[in-house]
Each structure stands twice: as structure tokens, then as C-alpha cells.
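A note on names: the letters A, B, ... follow the listed sequences, proteins ahead of strands, and every chain is numbered from 1.
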Number of protein chains: 2
Amino acid sequence: MTDNGDRTGGGGTGVEGPADTVAAVVRQWREVLPELDTEPMHLIGRINRSAALLRQAEEAPLRRAGLTRAEFELLGALRRTGRELTPGDLARETFSSGAAVTKRLKQLAARDLVDRRADARDRRVVLVRLTETGRETVDAVLPQQLSFEADVLSGLAGDERDRLAALLGKLLGQLEGRIPPML
Amino acid sequence: MTDNGDRTGGGGTGVEGPADTVAAVVRQWREVLPELDTEPMHLIGRINRSAALLRQAEEAPLRRAGLTRAEFELLGALRRTGRELTPGDLARETFSSGAAVTKRLKQLAARDLVDRRADARDRRVVLVRLTETGRETVDAVLPQQLSFEADVLSGLAGDERDRLAALLGKLLGQLEGRIPPML
DNA sequence: AGCAGGTGTTTCACCGGTAAAAGACCTGCG
DNA sequence: CGCAGGTCTTTTACCGGTGAAACACCTGCT
């Protein structure tokens with residue numbers, strides 16, 4: 001029982017919330033299909049769009065370092081766990097297929113950013129670790145990412161950020177609980 | 001399997017915030033690079049992860065309709081504007097390259113979901129519109145998407161949703177203002 | 001009129017991702 | 001022991017996306 005979908009309520013045009021792209025899209029849908037409850041779009045559309053813009057913006061520092069986002073996530077997983085990981089681990093950490101990981105590892109190894117060695121106990125298993133340059137690369141790029149992120153987020157007050165993070169955490173909890181086929 | 005599964009023992013103190021994936025990742029970074037300001041990660045990591053999970057979850061109804069997400073967005077743009085659009089328009093609406101739009105249009109036209117005709121005034125431009133079946137397809141899928149979205153969002157109280165949407169709108173405003181190289 | 005330069009669309013060559021099969025190896029059970 | 005079945009990684013075949021070039025067409029200037 002979602003509460004009444006039509007929250008135009010006050011009838012006022014103009015005194016709307018944010019004038020972002022998503023709001024415009026939702027408005028179009030409402031005009032064409034007024035019987036639909038378009039409320040969820042505001043939230044989910046904004047999440048998707050924010051994510052897309054953030055990714056795109058963060059591409060810049062990565063390109064400078066000659067890295068793909070996916071490659072960086074792989075290196076990041078190695079860096080933050082501080083251990084050697086197997087390709088399988090990395091696939092799980094980065095939410096991508098094993099095949100993709102293999103391909104990336106091949107390239108990263110060719111550029112001497114990671115190192116692969118066979119596991120002694122189980123020769124099916126490969127152990128991947130950062131090389132010195134790999135570690136340096138991550139440590140050089142990450143602060144740039146973070147400072148960019150902090151910059152973007154500076155448009156929100158500290159407590160707004162906190163509330164936003166908390167609410168997203170709650171939502172994410174729902175999502176991760178609901179869709180847990182993997183992991 | 002990685003025999004050293006001692007992640008249980010390591011982090012025993014449980015009274016943390018949301019127990020989502022992002023929190024765990026941030027915690028790892030903080031341990032390895034304590035001097036970094038990892039605050040932004042909470043927010044941006046959650047946005048990215050939520051977006052990824054949402055996309056993945058919404059893939060299901062789309063597959064049932066035999067559509068890709070990108071194809072659906074293209075059809076959706078046509079549906080919600082209610083007009084004929086050119087490939088260029090569609091590229092801008094769906095934030096993808098012209099080449100991608102051309103490819104998708106070819107497939108959608110082959111399946112008789114869209115219709116292309118040359119513009120009379122300017123024979124360079126193509127006008128794309130939904131066919132009857134195209135319209136029906138969108139109108140059948142969209143409510144499923146929305147009801148799924150409403151379902152996911154039902155974990156949040158109404159005012160939480162509103163605040164979340166408002167905060168994201170503010171953030172999105174910043175982003176769209178900051179990165180406007182395109183559009 | 002004719003052409004230089006601009007715009008809209010498509011084609012081309014390539015890149016990275018995936019699912020499924022193949023390959024290599026372990027392990028437990030008869 | 002020896003092999004059937006499972007696990008981990010890589011290979012294969014293909015798919016969709018992109019940037020840049022090609023193509024087709026318009027328009028303004030001389």
C-alpha cells in the first residue's frame with residue numbers, strides 16, 4: 001500500500017524540488033502515463049544518474065594513470081586486503097566474471113603492476129599480488145579520487161552527507177539482502 | 001578455497017554502522033592507509049553499489065521482454081517524449097554514442113519495435129518512432145519496473161524516501177553543474 | 001550557381017565483458 | 001589404487017559499446 005502516488009497535491013507548478021535531469025524525465029512520464037506511480041523514479045533515477053556521472057568524472061584521473069576503472073578496482077582490492085588474492089577472490093571482490101579477471105590480470109601483469117605465481121599446495125590456484133609499481137600506482141591514484149570525491153561532496157553540508165550516507169546504507173542493506181544470489 | 005579464512009576473528013567488534021559491503025571495504029582501506037580521508041567512500045561507494053544492484057535486479061523483467069536495458073531506455077525515451085526523435089536526440093537522451101544508437105535501432109527495427117523514416121526537409125536526418133508493438137512493450141514492462149522499485153523502496157519509510165530523494169537531487173545538481181562538458 | 005565547411009547518421013576496427021567449454025588439478029569413495 | 005566428480009583458471013566465440021572515418025546532405029558565401 002504505497003501512499004497516494006500523486007503528490008502534486010499542492011497543485012502548484014514551479015515550486016518543485018531540484019531541477020535536475022531526472023525530475024524532467026519523471027515529469028515527462030507523468031504527462032504521458034498519469035496513472036502510473038512514478039514516485040520511485042525520483043529516487044532510483046537519481047541513484048543511477050549520480051553513479052553514472054561520478055564514474056565518468058572519475059575516469060579522468062584514471063586515464064592519466066593509464067588505468068581502466070575495472071583495472072583500478074582490481075588493484076584496489078589487492079591493495080586494501082593487503083594479501084595475495086586468487087583470481088576467484090578478485091572476481092568476487094570486483095563483482096565481475098572470472099574471465100574478465102583473467103584478461104585484466106594478463107594486461108596488468110604485462111605492465112608489471114601485478115605478479116602471478118602458482119600456489120604450492122594446489123596447483124590449480126594462482127596467487128596474485130601487487131608489484132611495487134602496482135602498489136605505488138594505487139597509492140598515487142587513490143588520493144586523487146578521494147580528493148575529487150570530497151570536492152564534489154562539499155556541496156552538501158556535513159550532516160547532509162551523513163544522513164545521505166546513512167539512508168543509502170539502509171537502502172543498500174535492503175538490496176543486498178534481497179538480491180543475494182551471488183556473494 | 002582460501003584456507004586462511006580468519007576474517008571472522010580479525011574484526012570482532014560488532015557495533016558498527018550499516019553492515020553493508022561498502023562499510024567493510026572502507027574499513028579495509030582505513031586499516032591499510034589510515035592517513036587517508038576515507039569519508040567520501042561511504043557515500044560514493046554506496047551510490048555506485050546501489051546503482052549496480054538495482055540495475056542487475058531490473059534486468060530480470062527486461063530479459064523476460066527480450067530487451068536489453070539500453071534498448072529499453074531507448075524505447076522509453078520515445079515513449080515518454082511522445083514524439084518522433086532522431087538518432088541524435090536518442091543519443092543525447094540515453095547518454096550514449098551515436099554509433100550505439102544506430103546499432104540498437106537496427107535491431108529494434110528488425111523486431112518491429114521502432115520505425116525509421118527519412119525526414120522530408122532534411123534528408124540527412126532520420127525520424128524514429130515507436131511502432132504499436134513497441135509502445136505496447138514499453139507499457140507492459142514499465143509498470144513491472146516501477147512495482148519492483150516500489151517494492152525495494154518499501155524498506156524505507158515515506159519520509160526517509162523523500163529526504164533521500166531530495167538529498168540525491170541536491171548532489172545530482174552539483175554533479176550536473178560540475179561536469180557539463182556534454183549536454 | 002557552386003563550393004567550403006558544417007551537421008546528422010552510419011560504418012569500421014577494435015576493446016572489454018560474458019557464458020560456456022576446455023584444461024588442469026585435487027579429493028573422496030569404492 | 002584409481003577414477004568420478006568437483007573446483008579453479010583460462011580459452012573460445014560472440015556481443016554490445018566506442019572513437020574515428022566515411023557518407024550524405026544542407027547552407028551560407030562569393
B:R55 side chain to B:R69 backbone, donor-acceptor under 3.5 Å: no
Backbone N/O of A:I47 and side chain of A:S50: donor-acceptor pair under 3.5 Å: no
Close approaches to DNA chain C from residues 102-115 of chain B, in residue order (heavy atom, under 4.0 Å): B:T102, B:K106
Under 4.0 angstrom between A:T86 side-chain N/O and D:dT9 OP1 or OP2: yes
Phosphate-side-chain proximity, B:R69 and D:dG17, N/O vs OP1/OP2 below 4.0 Å: no
Nucleotide [N], atom [atom2] - distance to [atom1] of [X] in whole Å:
{"X": "B:R55", "N": "D:dG16", "atom1": "CZ", "atom2": "C1'", "result": "15 Å"}
{"X": "A:L90", "N": "D:dC8", "atom1": "CG", "atom2": "C1'", "result": "13 Å"}
{"X": "B:E71", "N": "D:dG17", "atom1": "CD", "atom2": "C1'", "result": "13 Å"}
{"X": "A:E93", "N": "D:dC8", "atom1": "CD", "atom2": "C1'", "result": "17 Å"}
{"X": "A:E59", "N": "D:dT18", "atom1": "CD", "atom2": "P", "result": "12 Å"}
{"X": "B:F95", "N": "D:dT18", "atom1": "CZ", "atom2": "P", "result": "13 Å"}
{"X": "A:R116", "N": "D:dT9", "atom1": "CZ", "atom2": "C1'", "result": "9 Å"}
{"X": "A:R123", "N": "D:dC8", "atom1": "CZ", "atom2": "C1'", "result": "14 Å"}

B:R116, CZ atom: more than 12 neighbouring heavy atoms under 6.0 Å: yes
Over 12 non-hydrogen atoms of neighbours within 6.0 angstrom of CZ in B:R63: no
Span of DNA chain C, from the first to the last nucleotide whose atoms fall under 4.0 Å of chain B heavy atoms: C:dG6 to C:dT11
Distance-minimising heavy-atom pair for A:T133 and A:D112: OG1-O, 2.9 Å
Closest contact, heavy atoms only, B:P87 versus B:V128: CD-CG2, 4.1 Å
Beyond-backbone contact of A:S96 with A:E73, side-chain heavy atoms, under 4.5 angstrom: no
Flag side-chain contact, heavy atom, 4.5 Å: A:R104 against A:T94: yes
Side chain of B:S96 - closest among D:dT18, D:dC25, D:dC8: D:dT18
Closest-nucleotide ordering on DNA chain C, the 5'-leading residue of A:S97 and B:A99: B:A99
Pairwise 5' ranking along DNA chain C for A:V101 and B:V126, keeping only the more 5' one: B:V126
Interatomic distance, A:R163 atom CZ to A:L167 atom CG [nearest 0.5 angstrom]: 8.0 Å
